[in-house]
Amino acid sequence: MKKNKSIVLGIIMILIVVLVTTGCMFYNLLKSDDFKEHFGALGYTISDTEEPKYESDNYLVATMEDMPFKIEYYEFKDEIEAKKVYNKFKKSITDYITSDSSNQETTGAVFSKTVAVSENEYIVISRVKNTLIFIAGTNDYANEINTLLEDIRY
């Protein structure tokens, strides 16, 4: 009986480690249709006609009249391309990334996220697998931006 409990406990521990290291518990892969549905339901206008900063397989922009920022969604053919563009975005905002404690970078097996804060700007780059979301707003809207990203687990 004690041996069976040890085996079950071992299996549970292995599952927890796998889920945590792959990001399955905390991050959600948002496909383009999900992006449209989620942000459309919040009252955002979704467009695919804007020119993206970086080439991707799918590019969408969510905007709202009263919000001084837009939410850019990129979908790439694979995770390698998404990581390349994530690093390009990160490099393009290096002037904002300082040793300030409000700047953060989080990485895991399937995700990367950088938050850069300057005197006036609040910038977030978040990648999950082969998708990436970029938002550049003002510090006044940092809470709204964080809430939007938390809601979609990016």
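Values reported hereafter were calculated over all heavy atoms of this structure, with side chains retained and with hydrogens, waters and symmetry mates removed. These numbers come from a predicted model, not from an experiment.
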Inset, instruction - Using modelled atom types only, decide if a donor and an acceptor are shared between the side chain of Lys113 and the backbone of Ile125 within a distance under 3.5 Å. - result: no

Inset, instruction - Examine the side chains of Thr114 and Tyr86 and answer whether a donor and an acceptor come within less than 3.5 Å of each other. - result: yes

Legend entry - Spacing of CG belonging to Leu149 relative to OH belonging to Tyr154, to within rounding of 0.5 Å: 10.0 Å

Legend entry - Nearest-0.5 Å distance that lies between atom CD1 in Ile93 and atom NZ in Lys88: 15.5 Å

Inset, instruction - Mind checking the OG1-CG spacing from Thr131 to Asp57? Nearest 0.5 Å is all I need. - result: 12.0 Å

Legend entry - Partner residues of Ser47 under the side chain to side chain donor-acceptor pair (under 3.5 Å) criterion, sequence neighbours left out: Thr49

Inset, instruction - Classify the ring geometry between Phe35 and Phe39 as parallel (under 30°), tilted (30 to 60°) or perpendicular (over 60°). - result: tilted

Legend entry - From OG (Ser56) to CD (Glu81), nearest 0.5 Å: 10.5 Å

Legend entry - Check: Tyr73 side chain, Ser32 main-chain N or O, donor-acceptor pair, under 3.5 Å: yes

Legend entry - Worked check of side-chain hydrogen bond (donor to acceptor under 3.5 Å, both in side chains) between Tyr122 and Asn146: CA-CA 10 Å; Tyr122 189 83; Asn146 290 335; 2.7 Å; yes

Legend entry - Cationic N near anionic O, under 4.0 Å, Lys31 to Glu75: yes

Legend entry - Point-to-point distance, once rounded to the nearest 0.5 Å, from CD of Glu150 to CG of Asn143: 9.0 Å

Legend entry - Nearest atoms (heavy-atom pairs only) where Ala82 meets Leu132: O-CD1, 4.0 Å

Inset, instruction - Test Ile152 against every option in Leu30, Val128, Asp34 by the side-chain contact (heavy atoms from CB on, under 4.5 Å) rule and name the one that passes. - result: Leu30

Inset, instruction - Mark yes or no for whether Asp48, through its side chain, and Leu60, through its backbone, hold a donor-acceptor pair below 3.5 Å. - result: no

Legend entry - Closest non-hydrogen atom pair between Ser118 and Asn139, with its separation: O-ND2, 3.0 Å

Indicate every side-chain donor-acceptor pair of residues 63-71 with a distance under 3.5 Å to a residue at least two apart or in another chain.
from, atom 1, to, atom 2, distance (Å)
Lys70, NZ, Glu50, OE1, 2.9

Inset, instruction - Please lay out, stage by stage, how Phe89 and Tyr54 fare under the test ring-ring contact (aromatic ring centres under 6.0 Å, His included). - result: CA-CA 9 Å; Phe89 262 118; Tyr54 300 103; 4.8 Å; yes

Legend entry - Glu55 side chain reached by Val85 side chain, heavy atoms, under 4.5 Å: no

Inset, instruction - Report yes or no: does Tyr74 contribute a side-chain atom to a donor-acceptor pair with the main-chain N or O of Lys53 at less than 3.5 Å? - result: yes

Legend entry - Contact check, side chains of Thr106 and Phe111, non-hydrogen atoms, under 4.5 Å: yes

Inset, instruction - Begin from the C-alpha positions of Arg127 and Glu79 and carry the test side chain to side chain contact (heavy atoms under 4.5 Å, CB included) through to its verdict. - result: CA-CA 9 Å; Arg127 179 194 64 80; Glu79 197 169 337; 3.3 Å; yes

Inset, instruction - Step through the shown structure and confirm whether more than 12 heavy atoms of other residues, nucleotides or ligands are within 6.0 Å of CD on Glu144. - result: yes

Inset, instruction - For Ile46 and Ala62, work out which heavy atoms get closest and say how close. - result: CD1-CB, 3.6 Å

Inset, instruction - Please report the shortest heavy-atom distance between Glu72 and Tyr59, naming the atom on each side. - result: OE1-OH, 2.9 Å

Legend entry - Value rounded to 0.5 Å, distance of OG1 in Thr138 from CD1 in Ile123: 11.0 Å

